[in-house]
Structures are given as structure tokens and as C-alpha cells.
Amino acid sequence: MDPNLEDQPIAVARANISKLHNAVQLLRRVYFLTSRGTREAAVVPVELGELIQEVGGVDAATAILKTHLAAE
């Protein structure tokens with residue numbers, strides 16, 4: 001696993017789950033798990049996951065962020 005690459009193939013991430021976990025937790029990195037080069041999921045720091053839940057889930061968080069970005 002190359003911790004400098006934000007896209008990580010699922011098989012590589014699975015084989016290096018401890019390294020992935022450490023990079024997310026300690027380095028505050030976001031990684032995208034890919035299958036055949038397509039992003040399928042993201043691994044994010046727990047605080048971000050909890051905020052997403054707090055605002056009502058992924059769809060609500062996406063709407064909030066899009067509104068915020070449009071206002072800039």
C-alpha cells in the first residue's frame with residue numbers, strides 16, 4: 001500500500017488494513033477504495049463519519065457541503 005495515493009484498490013487495502021487504519025487515524029487521511037479503477041467507497045476519520053451521521057446521513061451532508069461550496 002502506498003499511503004501517498006488516495007485511491008487504494010480494495011484487495012490492497014484489505015491486505016494492508018492496519019496501515020490503512022493508521023494512516024486514517026493518525027495522519028487524518030481520506031482514502032478511496034477502488035475496484036477496477038472506479039471509486040466504490042471511502043475510509044474517513046471517525047470524526048467525519050460521526051458528523052455525517054449527526055446531520056442526517058450522507059445525502060444530508062452532501063447537500064450541506066454543496067450549498068456551502070456554491071456560496072463561496
Side-chain angles (χ1 to χ4, degrees):
M1 178 185 135
D2 183 348
N4 296 315
L5 298 177
E6 63 182 21
D7 287 0
Q8 298 288 330
I10 292 171
V12 173
R14 183 183 299 121
N16 295 282
I17 193 69
S18 292
K19 289 180 184 177
L20 183 72
H21 168 265
N22 288 339
V24 171
Q25 182 184 25
L26 301 173
L27 302 176
R28 320 297 298 146
R29 296 286 312 268
V30 172
Y31 289 99
F32 297 95
L33 304 181
T34 62
S35 177
R36 298 186 178 127
T38 301
R39 289 178 172 180
E40 299 284 333
V43 181
V44 301
V46 68
E47 294 84 3
L48 181 55
E50 289 172 344
L51 284 172
I52 290 169
Q53 283 187 323
E54 191 175 315
V55 299
V58 173
D59 293 337
T62 301
I64 290 167
L65 287 169
K66 283 183 178 179
T67 301
H68 175 75
L69 290 172
E72 289 183 351

Rounded distance [0.5 Å steps], [atom1] in [X] versus [atom2] in [Y]:
{"X": "Arg14", "Y": "Leu20", "atom1": "CZ", "atom2": "CG", "answer": "12.0 Å"}
{"X": "Arg36", "Y": "Thr34", "atom1": "CZ", "atom2": "OG1", "answer": "11.5 Å"}
{"X": "Lys19", "Y": "Ile17", "atom1": "NZ", "atom2": "CD1", "answer": "12.5 Å"}
{"X": "Leu33", "Y": "Thr38", "atom1": "CG", "atom2": "OG1", "answer": "12.5 Å"}
{"X": "Gln25", "Y": "Glu47", "atom1": "CD", "atom2": "CD", "answer": "9.0 Å"}
{"X": "Asn22", "Y": "Arg29", "atom1": "CG", "atom2": "CZ", "answer": "13.5 Å"}

Checklist line | Reference residue Phe32; test side-chain contact (heavy atoms from CB on, under 4.5 Å); the match among Gln8, Glu40, Glu6 | finding: Glu6
Next item on the list: Would you mind reporting whether Asp7 and Arg39 have side-chain heavy atoms less than 4.5 Å apart?
Entry: yes
Note to self: Applying side-chain contact (heavy atoms from CB on, under 4.5 Å) to Glu72 and Leu69, what does each step give before you reach the verdict?
What the structure shows: CA-CA 5 Å; Glu72 289 183 351; Leu69 290 172; 4.0 Å; yes
Between [X] and [Y], is there a shared hydrophobic cluster once you connect ILVMFWY residues whose side-chain heavy atoms come closer than 4.5 Å?
{"X": "Ile64", "Y": "Leu51", "answer": "no"}
{"X": "Val30", "Y": "Val58", "answer": "yes"}
{"X": "Tyr31", "Y": "Leu5", "answer": "no"}
{"X": "Ile10", "Y": "Val43", "answer": "yes"}

Next item on the list: Search all heavy atoms of Ala61 against all heavy atoms of Ile52 and return the closest pair with its distance.
Entry: CB-CG1, 4.1 Å
Note to self: Using a 6.0 Å cut-off, check whether atom CG of Asp2 has over 12 heavy atoms from anything other than its own residue.
What the structure shows: yes
